[in-house]
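Throughout, protein chains are lettered first and strands after them, A, B, ... in sequence-line order, and every chain is numbered starting at 1.
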Amino acid sequence: MITATGWTKRYGGTVAVDDLTFQVKPGIITGFLGPNGAGKTTTMRLILGLDKATEGTVTVNEHAYRDKRAPMQEIGALIDPAAVHGGRSAYHHLLWQAQAGGLPRHRVDEVLELAGLADVAGKKVGGFSLGMQQRLGIASALLGDPPVLLFDEPVNGLDPEGIQWVRALVRRFASEGRTVLLSSHLMTEMEQTADHVLVIGRGRLVADLPMEEMTRQSAQSHVKVVSPRADELVSHLEARGALVSNGTPNELTVTGLDTSVIGAIAFAHGIPLNELSTHRASLEAAFMELTRDSVEYRAQRDLAA
Amino acid sequence: MAIGLSIGFSALIALITGLTFDAMSDGLRAEFDPILTTLGGWIFGMVLVITLAVTSVTSEYSSRLVRTTFILNPNRNRVFAAKAIVIALLGVAISAIVIPGMFLISQPIYHFYGLQTASVTDHDAARYLIIAPLLEGLNHALIPFAFAWLLRSTASAITASIGFSVLPWMITPMVPLWVQENVLRYLPDNAKDCLLGQLGPGAPTYLGDTAAIVVMAVWIVGALTAAVFVLNRRDV
């Protein structure tokens, strides 16, 4: 489990991470979302002790990362897969890390096999494609078979097969009870993979909730109601606190009440329904809504149009 | 290549010394020392040791592998100490090849031209061949190693290290006596030269053996302490 408490990082007058408090629990996949410059990578670096927090603490399994004696066996991290010695082979790139972490040599062969790199183990990593570098970075993270995994943009540069591989891999790790924290800009990918999301904007925690809750809470999640007596139903729904807007004739868009309550209200007043369906917002829509005020770098409206 | 250049350059200096010895003034001929004169080619070995010491640190920053290093080993003091030991041993090992090499190639040339020679069995030569690799190796490995952690740039750290070693020696004749006595005297290269016998008691920057050892130790330990302090405070 990763626990951050009152965590703040300032660079001079700039606040990169502001009073973050959260937990990343084992057994589920936690997605870490935020616009560019929101502080995601800074947060990952802080967890790994590469940056020093100005205030607050973070622990991984109850201890600060910098106090760990065998960190590779506790945390596997994918932070910067392009940081390699280009002249080394994939095998030797992993071997020096295994030796530095006191791991047996056979782990190198095992993770190369797991990452689908066994056939290119002898090739120099300088010639690797972005996707192969990504696989090598994930192989590095898995060397110590750690119970906590921290992956920053793990599907960058991967082909569809590679993306499915990462998805299956992290699901398997979570099902084994490991702690998995993923950051990604790819909302559809995150929507399919993560069980829980942490959203940060301008360094502050904007949301910390299950994926389903995140999309359900979005203003763009609604219930579509089609009824020949739709106008009559509006007042009954509004009396129960719903926000109702009219679409096409006989069609209502309702937020604030779920289908079972709307159905019961219609039944109680003898109003027939032709359609009653839930339209859940996408993660992307929910994310955009949450981080609207937190975007650090935005294209000019006229350029974007 | 740098090792070959050092030894070759010393041979060249010995050759020129032999060819021009008779034309030298009486004073220069009296100052001729068959041991210390062989150190002329050391500049190449020194640059090699400095470059290896600096790049052992800065190459990790330029490739960003330093992050991997500290993810694998979060105890920064341990990483620093391990690298410092390897670099110190490497510096002494290179010096232990180059300095005796320069000595051994120069003696037959001096002998050929009928000049005074030294043998490894002579007390002074044996002392020199043991102390010089140790002092040159440690001084030119550990101080640049500390500069590399402080500056994190290959060009800056190599320039600073070579400048720090060579500049005081170059400016000594040009600066006032009080600068020589109160500033240049307490620099590590000057202390090392005193210990190697390159500066005698008559020189304005001369230090006795004990004082020279203390000055060198303070510089090396001070530079390493500053580097490890900064390393522990900075983000990687």
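Around the CG atom of B:Asn77, the shell of radius 6.0 Å holds more than 12 heavy atoms that belong to other residues, nucleotides or ligands. Surrounding CZ of B:Arg127 are at most 12 heavy atoms belonging to other residues, nucleotides or ligands under 6.0 Å away. With a 6.0 Å radius and a threshold of 12 heavy atoms from other residues, nucleotides or ligands, B:Glu181 has its CD atom above the threshold. Within a 6.0 Å radius of NZ in A:Lys68, more than 12 heavy atoms belonging to other residues, nucleotides or ligands are found. More than 12 heavy atoms of other shown residues, nucleotides or ligands fall within 6.0 angstrom of atom CH2 in A:Trp96. Within a 6.0 Å radius of CE in B:Met174, other residues, nucleotides and ligands contribute more than 12 heavy atoms.
Both the backbone and the side chain of A:Ala82 have a heavy atom closer than 4.5 Å to some heavy atom of chain B.
Minimum heavy-atom separation, A:Ala83 to B:Thr68: O-OG1, 4.4 Å. Here the closest non-hydrogen pair linking B:Asn73 and A:Ala100 is OD1-O, 3.8 Å. A:Tyr65 approaches B:Phe70 most closely through the heavy-atom pair CE2-O, 4.2 Å.
For the pair A:Lys52/B:Arg234, no side-chain contact is recorded, criterion being any heavy-atom separation below 4.5 Å from C-beta on. A 4.5 Å side-chain heavy-atom check between B:Asp235 and A:Tyr11 finds at least one atom pair inside the cut-off. Contact of the B:Asn232 side chain with the A:Arg66 side chain is registered, since non-hydrogen atoms from C-beta on lie closer than 4.5 Å. Between B:Leu65 and A:His85, some side-chain heavy-atom pair lies under the 4.5 Å cut-off.
Once rounded to the nearest 0.5 Å, the distance linking CG of A:Asp80 with CZ of B:Arg64 reads 4.0 Å.
The side chain to side chain contact (heavy atoms under 4.5 Å, CB included) test with A:Gln97 is passed by exactly one of B:Leu72, B:Thr69, B:Ile71: B:Leu72.
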